[in-house]
Amino acid sequence: MRVLVTGGAGFIGSHTCLSLIKKGYQIVVLDSYANSHKESLKRVNKILNLKNSEKIKLFKADIRNEEMLEKLFADSKKENNPILAVMHFAGLKSVSESIQNPMIYWDVNFNGSLKLFKIMDKFDCRTVVFSSSATIYSLSSSTNLKEDSNIGPNNPYGETKLAVEKLLQKMFAKQKNLWRIANLRYFNPIGAHKSGLIGESPLGLPNNIFPLITQVALGMIDKFFIFGNDWPTLDGTGVRDYIHVMDLAEGHISALEYLLKNEPQILNINLGTGKGTSVMELINIFQDINKIKIPYEIKGRRVGDLPSVIADNSLAIKCLKWFPKRTIQEMCADGWKWQKLNPNGFKN
Ligand code: NAD
Ligand code: UFG
């Protein structure tokens, strides 16, 4: 069965491509490489001992390019191998950038999705797994977040994700017996495939904790700044629900298979571990498991941060029969292996 993976060259997309191929799916990747490198998919092939283009068909295109989207679906149909489902990762993901430039976020994340869904409908492809985010939950609720907890993003990035979820709800309501939709709300994906061949390769200076820690470990950045040690948490530093990117990738396969086996429906599902780790704990675990020092300094709180953001993942466990298997120690070891072997990510 053929699946379209938009944004498949990116961090989560490339790990999911690997899991999809392992499960026997044929994939078509659409990516503009706005925040990724073609090399990531070559590495996926390397891990699987495949020749390039054997299992992954690549389309370099922008998600907002309706003509290309149409061509991609039409080509697959002509080949008698139509696209039957879509995993939609393509999009922009920086909260701070979205505050500075909301229009580009609305254009890529919302308009891009709208165009994709329109073409899917035209080609009778109505199964979609969408990359949503825990950032759509409201600031007031932050621990053991359930899918029906208060919604209310506080930044344009989160607003675009919520708008796409709402659009999917409307599409489902209009054609109830047709669409199969999963909105997967990710918590904090970190780590890398254990081969060290693929991982997160941010363009420019990272904002997120994990790539910052690994770059400090490499000596590319002098020290790590902890944003506040006066939060109402056990050690005063911020607590997050970190999830290994391979567990997240496998969650996508479970969601797709659930949708394909069941009646048309729309699902909102948290993908997290349900466990919180503080910034201080993460630094200590990283240092212990990798035997490397992370110089750090305490700074003031970052605007817009929350003390604690943790998933209630019971719906994913019950409904998808998926559960995260990898520990925070494995996240730190695998993520460091990737960064150590590829200090410049996929560049060079
Ligand atoms: P990423 O930037 O590594 O991957 C996104 C991919 O989309 C990249 O390959 C990029 O080149 C591509 N892309 C961007 N704009 C495009 C466009 N206009 N047309 C075609 N392709 C385009 O990010 P990621 O961490 O792998 O995230 C994947 C998805 O998951 C995103 O939608 C993101 O918003 C969402 N998400 C990520 C996180 C996280 O912490 N990483 C958390 C919640 C949700
Ligand atoms: N942190 C630091 N110093 C840094 C960077 C981060 O102490 O230099 C702390 C933050 O204060 C927070 C934790 O590390 O306590 C995690 O911060 P990240 O920036 O890595 O992640 P966030 O939880 O703030 O946000 C991430 C994604 C968002 C997504 C959200 C979903 O960046 O896109 O998770 O919960 F929406």
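Keep in mind that the numbers below use all heavy atoms, side chains included, and drop hydrogens, waters and symmetry copies. Computed from a predicted model, the values in this text were never measured in an experiment. Whatever order the structure lists them in is the order used to number ligands and atoms, beginning at 1.
Residues that satisfy the side-chain contact (heavy atoms from CB on, under 4.5 Å) test with N284, not counting sequence neighbours, are M280, Q287. With sequence neighbours left out, the side-chain contact (heavy atoms from CB on, under 4.5 Å) criterion links A9 to D31, Y33, S36, S40, L41. T127 is linked by a side-chain contact (heavy atoms from CB on, under 4.5 Å) to A85, R180, L256, L259, L260, counting only residues two or more places apart in sequence or in another chain.
The part of K161 lying near ligand 1 is the side chain, judged by heavy-atom distances below 4.0 Å. Of all the heavy atoms of V108, the ones lying under 4.0 Å from any atom of ligand 1 belong exclusively to the side chain. Contacts between S132 and ligand 1 below 4.0 angstrom, taking non-hydrogen atoms only, involve the backbone exclusively. Contacts of F11 with ligand 1, taken as heavy-atom pairs under 4.0 Å, involve both backbone and side chain.
Given atom 24 (P) of ligand 1, the protein heavy atom at minimum distance is K93 NZ, 3.7 Å.
Aromatic ring pairs are classed by plane angle as parallel below 30°, tilted from 30° to 60° and perpendicular above 60°; the pair F286 and F210 is perpendicular. Taking the six-membered ring where tryptophan is involved, the planes of Y105 and Y157 are perpendicular, since the angle between them exceeds 60° and thus also 30°. F89 and Y186 have tilted rings, their planes meeting at an angle from 30° to 60° on a 0 to 90° scale.
A salt bridge links E200 with K93: the distance from a Lys NZ or Arg NE/NH1/NH2 to an Asp or Glu carboxylate oxygen falls below 4.0 Å. The residues K115 and E70 are annotated as not salt-bridged, no charged nitrogen and carboxylate oxygen being separated by less than 4.0 angstrom. Between R185 and E147, no side-chain nitrogen of the basic residue sits less than 4.0 Å from a carboxylate oxygen of the acidic one, so the salt-bridge criterion is not met.
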Stepwise salt bridge (charged side-chain N to carboxylate O under 4.0 Å, His left out) check, E39 with R43 | CA-CA 6 Å; E39 178 66 19; R43 300 279 186 91; 2.9 Å; yes
For each nitrogen or oxygen atom of ligand 2, which protein N/O atoms lie closer than 3.5 Å, and how far apart are they, rounded to 0.1 Å?
residue  : atom   : partner : partner atom : Å
ligand 2 : 3 (N)  : F225    : O            : 2.7
ligand 2 : 7 (O)  : F227    : N            : 2.9
ligand 2 : 11 (O) : D305    : OD2          : 2.5
ligand 2 : 17 (O) : R302    : NH2          : 3.3
ligand 2 : 19 (O) : N208    : ND2          : 3.2
ligand 2 : 19 (O) : R302    : NH1          : 3.3
ligand 2 : 19 (O) : R302    : NH2          : 2.8
ligand 2 : 20 (O) : N208    : ND2          : 3.2
ligand 2 : 20 (O) : I209    : N            : 2.9
ligand 2 : 21 (O) : N188    : ND2          : 3.3
ligand 2 : 23 (O) : N188    : ND2          : 3.0
ligand 2 : 23 (O) : R240    : NE           : 2.7
ligand 2 : 24 (O) : R302    : NH2          : 2.9
ligand 2 : 32 (O) : N208    : ND2          : 2.6

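When the options Y186, F130, F89 are ranked by their closest heavy atom to atom 30 (O) of ligand 1, first place goes to Y186. Within the set A90, G91, S131, the minimum heavy-atom distance to atom 14 (C) of ligand 1 is found for G91. Evaluated by nearest non-hydrogen atom to atom 22 (C) of ligand 1, the leading choice among G10, G112, S32 is S32.
Near P189, meaning under 4.0 Å from one of its heavy atoms, ligand 1 places the atoms 39 (C), 40 (O), 41 (N).
Geometrically, ligand 1 and F187 share no nitrogen or oxygen pair separated by less than 3.5 Å. No N or O atom of S133 sits closer than 3.5 Å to an N or O atom of ligand 1. In terms of polar-atom proximity, defined here as any N/O pair under 3.5 Å, L30 makes no such contact with ligand 1.
Not a single donor-acceptor pair under 3.5 Å links the side chain of K77 to the backbone N or O of F123. In this structure, the side chain of Q265 engages the main chain of E263 through a donor-acceptor pair within 3.5 Å.
No heavy atom of G8 sits closer than 4.0 Å to any atom of ligand 1.
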